[in-house]
Amino acid sequence: MSYKSYLFTACLTVALLSACGSADKADRGGDSTEQAQPEAEKNEPETYVEGEELSDTIRLGGKMYAYHIRCAPDANLPLLVDNLKQEYYQNRVTLTVTRDGEQVIHREFTKEDFEKYVSESTRGDFNSGLLLGMNCNREASTAGRLCFWAVVGWCGEGPTFRVYLTPGSDAVTIEQDFTTEDNSIEEPVIN
């Protein structure tokens, strides 16, 4: 695993460690009326797991590309309920790329965008996880096709995906990435 892969994994882990576990309202200083309300009557998710915002540049083929990635909870997406019955808003990732100052990619991603690309060996982690964020995969990017990693899971662990985007086009290719240590081994092909 390259240094950049470790850095990406470390950033996601640090950003999400505070989201691991569950705290009740008494621990967060809620008032006594809220504490007396039965758990079943609560309809609003209490927890947001927000990835960090990333902005950086990359020079490819003599052109300067700048990317901005924002990962934020979206109340319009289906809720995720964990094994402790805690509800979480799903995240939406917004990716914007400019080339020499001109916008060439603007795309949003949700967990559902990766659903059909997840292998059976990692489906459990995928189903119980959130879209945790994305980052540029500099080593796999070219001037004609930029590559980004996406992670769907929990607490920085779960299946990773490679997202290939063509600047100036709506073309997108997604594949599960089995080259990182955080991923399960690829399933064997059965003839």
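Fair warning: this is a prediction, and the values are worked out from it, not measured in the lab.
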Checking [X] now: which residues fulfil side chain to side chain contact (heavy atoms under 4.5 Å, CB included) with it, not counting sequence neighbours?
{"X": "F114", "result": "F109, F126, L131, A150, V152, F161, V163, I174"}
{"X": "S55", "result": "H68"}
{"X": "N76", "result": "D74"}

- Sequence neighbours left out, what passes ring-ring contact (aromatic ring centres under 6.0 Å, His included) with Y67? Give chain and number order.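 With neighbours one apart ignored, the set is F148.
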
- Message: Checking E112 now: which residues fulfil side-chain hydrogen bond (donor to acceptor under 3.5 Å, both in side chains) with it, not counting sequence neighbours?
- Response: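 Once residues adjacent in sequence are excluded, the partners of E112 under the side-chain hydrogen bond (donor to acceptor under 3.5 Å, both in side chains) criterion are T110.
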
- Message: For N127, give me all partners under side-chain hydrogen bond (donor to acceptor under 3.5 Å, both in side chains), at least two apart in sequence or on another chain.
- Response: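 Checked N127 against side-chain hydrogen bond (donor to acceptor under 3.5 Å, both in side chains); zero matches.
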
- Message: Just by distance, no angles: are the side chains of W149 and D177 close enough, under 3.5 Å, to form a donor-acceptor pair?
- Response: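 Yes - a donor-acceptor pair under 3.5 Å links their side chains.
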
- T160 side chain to Q176 side chain, donor-acceptor N/O pair below 3.5 angstrom: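 Absent: no donor and acceptor within the cut-off.
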
- Message: Under the rule for salt bridge (Lys or Arg N to Asp or Glu O under 4.0 Å), what residues qualify as partners of R123, not counting sequence neighbours?
- Response: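 With neighbours one apart ignored, the set is E115, E120.
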
- Task: Just jot down the salt bridge (Lys or Arg N to Asp or Glu O under 4.0 Å) partners of E108, sequence neighbours excluded, or say none.
- Result: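 Salt bridge (Lys or Arg N to Asp or Glu O under 4.0 Å) check on E108 returns R92.
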
I need the [X] [atom1] to [Y] [atom2] distance, nearest 0.5 Å.
{"X": "L79", "Y": "Y88", "atom1": "CG", "atom2": "OH", "answer": "12.0 Å"}
{"X": "E102", "Y": "K63", "atom1": "CD", "atom2": "NZ", "answer": "9.5 Å"}
{"X": "I69", "Y": "C136", "atom1": "CD1", "atom2": "SG", "answer": "7.0 Å"}
{"X": "L146", "Y": "S141", "atom1": "CG", "atom2": "OG", "answer": "5.0 Å"}

- Query: What pairs meet the salt bridge (Lys or Arg N to Asp or Glu O under 4.0 Å) rule with one or both residues in residues 141-153, with sequence neighbours excluded?
  - Reply: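 Every candidate salt bridge (Lys or Arg N to Asp or Glu O under 4.0 Å) pair involving residues 141-153 fails, so no pair, neighbours aside, qualifies.
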
- Task: Answer yes or no: is there a donor N or O on one side and an acceptor on the other, between the side chain of R59 and the main chain of G62, under 3.5 Å?
- Result: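 Judged by distance alone, yes, a pair lies under 3.5 Å.
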
- Short question: side chain of K111, backbone of G129 - any donor-acceptor pair under 3.5 Å?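 Judged by distance alone, yes, a pair lies under 3.5 Å.
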
Atom pairs and distances, side-chain donor-acceptor, residues 166-173, under 3.5 Å, sequence neighbours left out:
residue, atom, partner, partner atom, Å
S169, OG, A171, N, 2.9

